[in-house]
Amino acid sequence: FRSQIANLSQLVSGLYPELTETLKRTRPRGQLQELVLQADGDWQGLSVQGQLRGFETRAWHDVPGLQKLDGDFWLTPNGGRARLTLGKGKVDPARHFKEPIPVDSLSAALDWWRAPQGWVLYGQDIALDNPDLRLASRFRLELFEHPFLALTGRIDVKNAAHADRYYPLAVMDEGLVSYLSGAIKGGKAKGADLLWYGEFRDFPYDNGKGVFQVAVPLQQATYEFFPGWQPLTDLQIDLLFQNASLDMNSRATQLGKASSDSVHAWIPDLYPGAHLYVDARVEGEGKAISDYLQDSPLGGSVGQALREI
């Protein structure tokens, strides 16, 4: 049995009345296969199941825009499940991220159910692969009066220069996003870890009511601490986003023609007007170190003193 998904929206709205406006705005379309509708004689115990082929939606508010989505689903008034796969293309992240996310492959298993306080969405076996990264993740999202997220993930970063595509705009300060977008120029990482646990309203959890942590062991990276400074190159650096702070430790990098086997940098509070602190052990010929400082915002002070020496 085949039918346009758009023609099924009225039935889904009946199962989940709160989705009526969302379905109108996102304009879902595609093909249905093996559709089965079950109900008791008095229309109690209603359920719908079937398969999606070429499913598409437009991005709207918190709903992403999708193309070429396939999968199977089972719906009831009190819950449901879906097993989904997405081929090569892009996902429009609506207002959550700065630009569409490229996809080589994406798969997920989703379950949802009605709880006394609202809805619960549980995702597992989530796998994303694209030119920027490879992600494996699972999460639990409670859509109550104050939404709560518990999420874990393991990430292999293929190109850190595009990390800004994945910063969550709803919770990260615009200034921080701008700084990190300009600071991280490239690099790779194997086995980066992501942990999120807490209510959205308490992010970034400097009040101790949640945990946000991203640990990224970057290799072959380029990092520009601040405009005007020569970037650190050929860099091995461990980035640790911990709630409202960022800590950076490097075991090997180049500072111009000088080198360092120990760089520790940290931003205690990732808020507007935040301060960056750097403690580095630099090795190299005096001229190499002098040249690095002179070709920096300190050129008019420290650099001038070094020239006089």
Side-chain angles (χ1 to χ4, degrees), residues 59 62 64-69 85-108 123 126-137 139 149 151-196 203-204 212-227 229-242 245-250 252-254 263 265 267 270 274 276:
D62 293 326
L66 303 170
Q67 294 181 341
K68 303 177 182 177
L69 182 73
T85 60
L86 184 67
K88 191 174 182 64
K90 291 184 178 181
V91 172
D92 184 339
R95 58 188 179 186
H96 297 289
F97 303 100
K98 66 180 291 186
E99 62 185 72
I101 296 174
V103 174
D104 287 338
S105 65
L106 173 64
S107 59
I126 299 168
L128 168 65
D129 192 19
N130 68 20
D132 300 330
L133 55 81
R134 182 179 295 110
L135 166 70
S137 179
F139 71 88
L149 175 65
L151 179 150
T152 61
R154 173 60 63 93
I155 307 167
D156 291 338
V157 179
K158 303 176 186 179
N159 184 0
H162 293 157
D164 56 337
R165 288 176 172 172
Y166 307 93
Y167 298 147
L169 301 180
V171 294
M172 287 184 71
D173 175 74
E174 183 179 347
L176 173 61
V177 171
S178 178
Y179 168 73
L180 292 175
S181 298
I184 301 176
K185 302 295 187 180
K188 301 178 181 180
K190 183 77 171 178
D193 288 313
L194 168 63
L195 172 64
W196 190 316
F203 184 88
F212 173 73
Q213 188 177 82
V214 184
V216 185
L218 270 183
Q219 306 284 329
Q220 299 174 299
T222 299
Y223 195 99
E224 183 180 276
F225 279 117
F226 201 77
W229 287 87
Q230 292 185 58
L232 306 182
T233 59
D234 197 19
L235 176 65
Q236 293 179 321
I237 188 168
D238 295 327
L239 304 178
L240 177 61
F241 294 87
Q242 176 76 38
S245 67
L246 170 60
D247 193 84
M248 298 166 275
N249 278 285
S250 173
T253 188
Q254 291 294 126
V263 176
I267 303 175
L270 296 170
L276 169 68

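Judged purely by atom type and a 3.5 angstrom limit, Ser245 has no side-chain atom pairing as donor or acceptor with the backbone of Ile267. At least one donor-acceptor pair under 3.5 Å links the side chain of Ser250 to the backbone N or O of Gln236. In this structure, Asp92 contributes its side chain and Pro64 its backbone to no donor-acceptor pair below 3.5 Å.
Partner of Arg134 under the side chain to side chain contact (heavy atoms under 4.5 Å, CB included) criterion, out of Ile155, Asp156, Val157: Asp156 alone.
Here the CD-OH distance, from Glu99 to Tyr166, works out to 8.5 Å after rounding to the nearest 0.5 Å. Summarising the geometry, atom CG belonging to Leu195 is positioned 8.5 Å from atom CD belonging to Gln242; distances are rounded to the nearest 0.5 Å. Taken from NZ in Lys90 to CG in Asn130, the straight-line distance is 11.0 Å, to the nearest 0.5 Å. Here the CD atom belonging to Gln219 is positioned 10.5 Å from the NZ atom belonging to Lys188, to the nearest 0.5 angstrom. Atom-to-atom distance recorded for His162:NE2 and Asp164:CG is 7.5 Å, nearest 0.5 angstrom. With rounding to the nearest 0.5 angstrom, the CE atom of Met248 is 10.5 Å from the CG atom of Leu240.
Here the closest heavy-atom approach between residue Tyr167 and residue Phe97 is recorded as O-CD2, 3.3 Å. When all heavy atoms are compared, the tightest approach of Pro93 to Pro100 is CD-CA, 3.7 Å. Annotation for Leu69 and Thr85: closest pair CD1-O, 3.2 Å, computed over non-hydrogen atoms. Residues Pro217 and Ala192 approach most closely at CD-CA, 4.0 Å, considering heavy atoms.
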- [ ] Just do the side chain to side chain contact (heavy atoms under 4.5 Å, CB included) check on Leu180 and Phe241 with the steps written out, would you?
- [x] CA-CA 12 Å; Leu180 292 175; Phe241 294 87; 3.6 Å; yes

Task: Test side chain to side chain contact (heavy atoms under 4.5 Å, CB included) applied to Leu128 and Leu133, step by step - done: CA-CA 8 Å; Leu128 168 65; Leu133 55 81; 3.9 Å; yes

Task: Worked verdict on Asp104 versus Lys88 for salt bridge (charged side-chain N to carboxylate O under 4.0 Å, His left out) - done: CA-CA 4 Å; Asp104 287 338; Lys88 191 174 182 64; 2.8 Å; yes

Task: Derivation of the ring pair (Phe, Tyr, Trp, His ring centres under 6.0 Å) call for Trp196 and Phe139 - done: CA-CA 9 Å; Trp196 190 316; Phe139 71 88; over 10 Å; no

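Listed by chain and residue number, nothing satisfies the side-chain hydrogen bond (donor to acceptor under 3.5 Å, both in side chains) test with Lys185 (two or more places apart in sequence, or in another chain).
Counting heavy atoms from C-beta on, the side chains of Ile184 and Leu239 come closer than 4.5 Å. Counting only heavy atoms from C-beta outward, the side chains of Lys98 and Leu169 approach each other to under 4.5 Å. Looking at Arg165 and Pro102, their side chains come closer than 4.5 Å, going by heavy atoms from C-beta outward. Between Leu151 and Ser137 the shortest side-chain heavy-atom distance falls below 4.5 Å. No side-chain heavy atom of Leu218 sits less than 4.5 Å from a side-chain heavy atom of Leu235.
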